[in-house]
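Please read the structure below before turning to the comments.
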Amino acid sequence: MPVLAIDGVTKRFGPNAVLKDVSLALDAHEVRAVCGENGAGKSTLVKVITGLYAPDEGAVCVDGTPVVITSPQHAQELGIALVAQELSLAPALSVLDNIWLGNRKVPLLHRRQELRARARAALDKLGLNDLALDTPASALSIGRRQLVEIARMLTRDARVFILDEPTATLSDVEIERIFAALRALKAEGKSVIYITHRLGEVFEICDSVSVLRNGDLVGTRRTNEIDRGTLMQMMLGRSLGEMYPAWESSPGDPMLMVKDLHVPPLVRGFDLTAERGTVTCLAGQVGSGAITVLRALAGLTPGASGEASISGKPMRLRTVARAQAADVKFISEDRAGEGIFLRLTVGQNLIATKLKDHTAFGLLARRGLRATAASLAAAVGVDRKRLHSPADELSGGNQQKLAFGRWIGGDRPGVLLMNEPTRGVDVGARAEIYRLIRQFCDRGYCVVMASSDIEEVLGMADVVVSMYRGRQVARYRRGETDMQRILADITHPAAA
């Protein structure tokens with residue numbers, strides 16, 4: 001008997017059906033991938049299973065019995081645990097308190113030492129033996145915060161674990177820790193629903209895969225019966241073609257020059273030269289220093305020191321205002337926290353950096369702003385009918401397009417810095433984002449991006465700079481390297 005089954009579930013919002021007669025069953029000892037483009041219905045399916053949405057038709061069954069899951073707390077009581085894509089840790093609380101926060105099975109009168117022991121065991125299972133329980137969550141990297149989220153679920157007596165994009169911000173070492181934990185859960189008879197856009201992970205860790213497209217269940221297949229091309233065909237309903245845009249590299253003059261950059265305690269003595277009209281990829285795992293370098297150049301690291309210049313003009317570090325005055329644009333990997341304004345509309349997000357251009361005597365020219373918003377939406381491929389919709393209603397791919405759209409325009413091209421530009425973005429939207437990146441290059445921008453996705457690095461970069469523990473390992477022109485060499489550079493370089 002399946003541990004969890006979805007039987008003919010339909011969910012509508014107004015006249016739109018976002019899930020249409022979806023049925024799937026999950027057995028014990030099974031890791032099931034759920035794949036599909038953004039907007040395919042994956043998030044809605046998870047919300048039905050966890051009690052955030054009630055299905056309009058169909059039922060959720062636990063151990064063969066139909067149940068009406070009324071809330072996430074009720075789902076927890078039924079043994080269903082969710083690790084959401086957007087992190088939910090309370091920054092001011094310790095790791096220990098975050099792990100037990102929201103656990104309904106912690107009695108009012110409890111033994112603190114017992115809670116510490118169980119939390120310690122969960123963290124150790126994920127390879128976080130060095131992480132002190134009293135560390136505030138605000139002091140952790142995004143990757144470590146994700147692992148603490150998973151440790152929280154391990155402490156609950158759950159039988160079904162739902163992981164939504166759990167590895168989007170993690171290094172290879174951290175990903176392997178999660179995979180080891182999932183294999184242990186599977187051996188214990190637990191069931192896992194694994195939502196990911198990284199198709200390689202589907203074949204590495206999952207036993208089966210269910211594909212959603214436009215709210216319909218396309219099918220469920222064993223992963224040993226299909227290949228990557230078949231899976232992408234199921235997801236897109238068409239052949240993807242070339243994921244990465246074809247282009248002829250035509251590098252211009254050096255645009256960004258960095259010399260002897262120091263960002264204690266990780267980055268020391270870092271040098272970089274990036275040319276106009278090119279994409280330079282800083283390839284490295286979480287903790288390599290790649291993201292630290294970009295944040296320093298964006299003015300987000302007060303302790304940074306060194307020399308930087310844009311088109312030969314010196315740029316002072318340490319403040320965002322100085323970076324923006326030097327035509328440095330920044331797109332964060334953390335869409336919810338730093339990328340866009342989730343509670344503002346699509347149009348308001350697109351014009352957030354254009355207000356000065358449409359202001360006279362302290363008053364906004366609203367007609368001009370509306371026209372600009374519509375133009376930017378068209379430029380990045382966002383439906384103009386959604387200009388008045390809240391940004392948090394968009395898929396991850398469309399949210400990322402908003403971050404690109406706000407930087408389009410201006411009198412002169414500058415430097416575009418990006419951290420993990422396709423984090424949590426499906427394969428179809430990725431191709432569109434890669435196209436946008438090349439369009440910035442065609443306009444004369446110098447693009448510098450940090451990515452832990454080696455396939456993405458090789459597909460997009462004119463220049464690859466591999467990094468390990470805060471320093472540059474090697475620099476390659478397009479065509480001079482391969483996946484094996486970069487992987488060796490960013491994990492165990494010979495000179496380390």
Side-chain angles (χ1 to χ4, degrees), residues 2-27 30-76 78-86 160-166 191-197 199 202 206 208-221 231-238 383 385-386 389-390 392-399 424-429:
V3 176
L4 177 72
I6 311 301
D7 186 12
V9 165
T10 294
K11 180 61 185 176
R12 300 183 185 89
F13 293 98
N16 300 318
V18 292
L19 289 177
K20 308 167 190 174
D21 193 25
V22 173
S23 297
L24 56 87
L26 184 67
D27 295 324
E30 181 179 8
V31 180
R32 168 74 59 82
V34 176
C35 293
E37 291 189 271
N38 286 328
K42 303 186 301 297
S43 296
T44 302
L45 179 65
V46 169
K47 289 175 181 177
V48 168
I49 296 172
T50 55
L52 285 169
Y53 292 158
D56 296 310
E57 297 171 18
V60 178
C61 301
V62 176
D63 293 327
T65 303
V67 293
V68 178
I69 304 177
T70 56
S71 67
Q73 291 77 17
H74 187 200
Q76 187 184 138
L78 293 169
I80 300 170
L82 169 67
V83 180
Q85 180 179 349
E86 300 301 338
V160 177
F161 291 81
I162 304 173
L163 281 72
D164 188 357
E165 291 288 343
S191 306
V192 178
I193 295 175
Y194 192 87
I195 299 173
T196 183
H197 293 308
L199 302 189
V202 173
C206 299
S208 55
V209 54
S210 295
V211 176
L212 293 171
R213 186 169 73 238
N214 297 325
D216 292 303
L217 179 68
V218 177
T220 297
R221 305 282 293 274
L231 178 55
M232 293 173 72
Q233 177 77 30
M234 291 173 69
M235 291 170 60
L236 299 173
R238 64 187 189 278
D383 188 349
K385 295 177 182 177
R386 307 197 69 174
S389 300
D392 61 1
E393 292 182 359
L394 297 185
S395 65
N398 280 327
Q399 288 179 356
V425 174
D426 68 72
V427 291

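Predicted model only: the values in this text are computed from it and were never measured.
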Residues which pass side chain to side chain contact (heavy atoms under 4.5 Å, CB included) with Asp383, listed by chain and number, not counting sequence neighbours: Lys385, Arg386
Interatomic spacing from CD1 in Ile80 to CD1 in Ile193 - rounded to 0.5 Å: 8.0 Å
Which pair of heavy atoms, one from Asp21 and one from Thr10, lies closest together, and at what distance? N-OG1, 2.9 Å
Report yes if some heavy atom in the side chain of Val46 is under 4.5 Å from a heavy atom in the side chain of Ile195; otherwise report no. yes
Side chain to side chain donor-acceptor pair (under 3.5 Å) partners of Ser389, counting only residues at least two apart: none
In chain order, what residues pass the salt bridge (charged side-chain N to carboxylate O under 4.0 Å, His left out) check against Asp216, with sequence neighbours excluded? Lys20
Could you tell me the separation between the CD1 atom of Ile49 and the OG1 atom of Thr44, rounded to the nearest 0.5 Å? 11.0 Å
Taking all non-hydrogen atoms of both residues into account, name the closest pair between Gly219 and Met234 and its distance. O-CE, 4.0 Å
For Ser23, the side chain to side chain donor-acceptor pair (under 3.5 Å) test, sequence neighbours excluded, returns none
Point-to-point distance, once rounded to the nearest 0.5 Å, from CD of Glu165 to OG of Ser43: 9.5 Å
Find the distance between CG (Leu212) and CG (Leu24) and round it off to the nearest 0.5 Å. 7.5 Å
Nearest 0.5 Å, what's the CG-CD1 distance between Leu82 and Ile162? 5.5 Å
Answer yes or no: is there a side-chain heavy-atom contact under 4.5 Å between Cys206 and Val31? yes
I need the Thr196 OG1 to Lys42 NZ distance, nearest 0.5 Å. 9.5 Å
Using every non-hydrogen atom in the two residues, find where Met235 and Cys35 come nearest and quote the distance to one decimal. SD-CB, 4.0 Å
Taking only residues two or more places apart in sequence or in another chain, which ones pass side chain to side chain contact (heavy atoms under 4.5 Å, CB included) with Gln76? Asn103, Arg104, Arg156
Return the minimal non-hydrogen interatomic distance between Leu163 and Val192, and the atom names on each side. CD1-CG1, 4.2 Å
Taking all non-hydrogen atoms of both residues, which atom of Gln233 and which atom of Arg213 are closest, and how far apart? O-NH1, 4.1 Å
Stepwise side-chain contact (heavy atoms from CB on, under 4.5 Å) test for Arg32 and Val209: CA-CA 5 Å; Arg32 168 74 59 82; Val209 54; 5.6 Å; no
Please name the pair of heavy atoms, one in Asp392 and one in Gln399, separated by the smallest distance, quoted to 0.1 Å. CA-NE2, 3.8 Å
Please tabulate, one pair per line, all N/O donor-acceptor pairs under 3.5 Å involving side-chain atoms of residues 51-66, not counting sequence neighbours.
{"from": "Asp56", "atom 1": "OD2", "to": "Arg12", "atom 2": "N", "distance (Å)": "2.6"}
{"from": "Glu57", "atom 1": "OE2", "to": "Arg12", "atom 2": "NH1", "distance (Å)": "3.4"}
{"from": "Glu57", "atom 1": "OE2", "to": "Arg12", "atom 2": "NH2", "distance (Å)": "2.8"}
{"from": "Asp63", "atom 1": "OD1", "to": "Arg159", "atom 2": "NH1", "distance (Å)": "3.2"}
{"from": "Asp63", "atom 1": "OD2", "to": "Arg159", "atom 2": "NH1", "distance (Å)": "3.0"}
{"from": "Asp63", "atom 1": "OD2", "to": "Arg159", "atom 2": "NH2", "distance (Å)": "3.0"}

